[in-house]
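Order of appearance sets the numbers: ligands from 1, and atoms from 1 within every ligand. Only this structure's heavy atoms are used, side chains among them; waters, hydrogens and symmetry mates stay out.
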Amino acid sequence: MTRIRDDLGEIQARVANALTAASRDGEKVIVLAVSKQQSADAIEAARQAGQRHFGENYVQDALAKMDRLTGLDIEWHFIGRIQSNKTRPIAERFGWVHTVDRARIALRLNEHRPASLPPLRVFIQVNQAGESQKAGIDPTGVETLARLIHAQPRLKLAGLMTLPPAADPPDGNAVYFHRLRELLERLRARGIEMDSLSMGMSADFETAIACGSTCVRIGTAIFGSRRDNPG
Ligand SMILES: *Cc1c(COP(=O)(O)O)cnc(C)c1O
């Protein structure tokens, strides 16, 4: 598990360097440790090394790990595909959701978010390349969904998220990262409050930071291959 500590240290250094290279010194980028298919022990080791934000894709797996790790002061992010029958546990147990892509899901998350918790922070997942196998809303639909989310008292619109085609990372996705940032700026100019961009993964997070990312989602570069750690 010392490998996790070393890997986290290296990621933090690379994030800092990428910020400097982009003349973004002093700005904050959340490093989200994507712990899908990783054990609760691996998450605990990362937490002990100072990592606080963790991302999970599968609700049942995530709940089991949360139950084992109570009391660790972890911020849990849901980054998987959302089935409408899973909105209650997501709204009750996570602090952030990166993959909201339709009104029905937003409304259900709002309905299920307990009044005792702060509003659920949500990103709209944008499907920029029209990939039918991927989730995400078409860019033309983002403004309407953003306004709907803004009107929900139990939701807080953080910003936009994308999972671009893995076209020759690290640079191949720069065009999608640029476009997501432009979309964010355009909607802000139209009066929609949001300030976050969830973009960049292990293979291309430095490119994403150069394009304005404020949250990078990193799995294998922190925990190693998921195939080595089944379940
Ligand atoms: C798995 C996953 C990641 C992390 O991918 P790595 O290449 O392992 O860094 C990031 N975002 C989403 C939505 C994922 O499903």
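- Distances from atom 2 (C) of ligand 1 to the heavy atoms of K36, M201, E56 put K36 nearest.
- Crowding of K156 atom NZ: a count of heavy atoms from other residues, nucleotides or ligands under 6.0 Å not exceeding 12.
- Residue I218 approaches ligand 1 through these ligand atoms, each under 4.0 Å from one of its heavy atoms: 9 (O).
- Residues T162 and N127 fail the side-chain proximity criterion, which asks for heavy atoms closer than 4.5 Å.
- Side-chain atoms of Q37 and N57, non-hydrogen and from C-beta on, never get closer than 4.5 Å to each other.
- Side-chain contact between E56 and Q38 is absent, with no heavy-atom pair separated by less than 4.5 Å.
- In this structure, F54 and F223 have tilted ring planes: the angle between them lies in the 30° to 60° band.
- Under 4.0 Å from ligand 1, the heavy atoms of N57 that appear belong solely to its side chain.
- Using cut-offs of 30° and 60° on the angle between ring planes, the pair W96 and H53 is perpendicular.
- When the heavy atoms of G200, G224, A135, S202 are ranked by distance to atom 6 (P) of ligand 1, first place goes to S202.
- Residue nearest to atom 13 (C) of ligand 1, selected from I79, T162, I222, L32: I79 (by heavy-atom distance).
- Under a 4.0 Å criterion applied to the non-hydrogen atoms of G219, ligand 1 contributes the atoms 4 (C), 6 (P), 8 (O), 9 (O).
- With Q125, R81, M199, R217 as candidates, the residue nearest to atom 11 (N) of ligand 1 on a non-hydrogen basis is R217.
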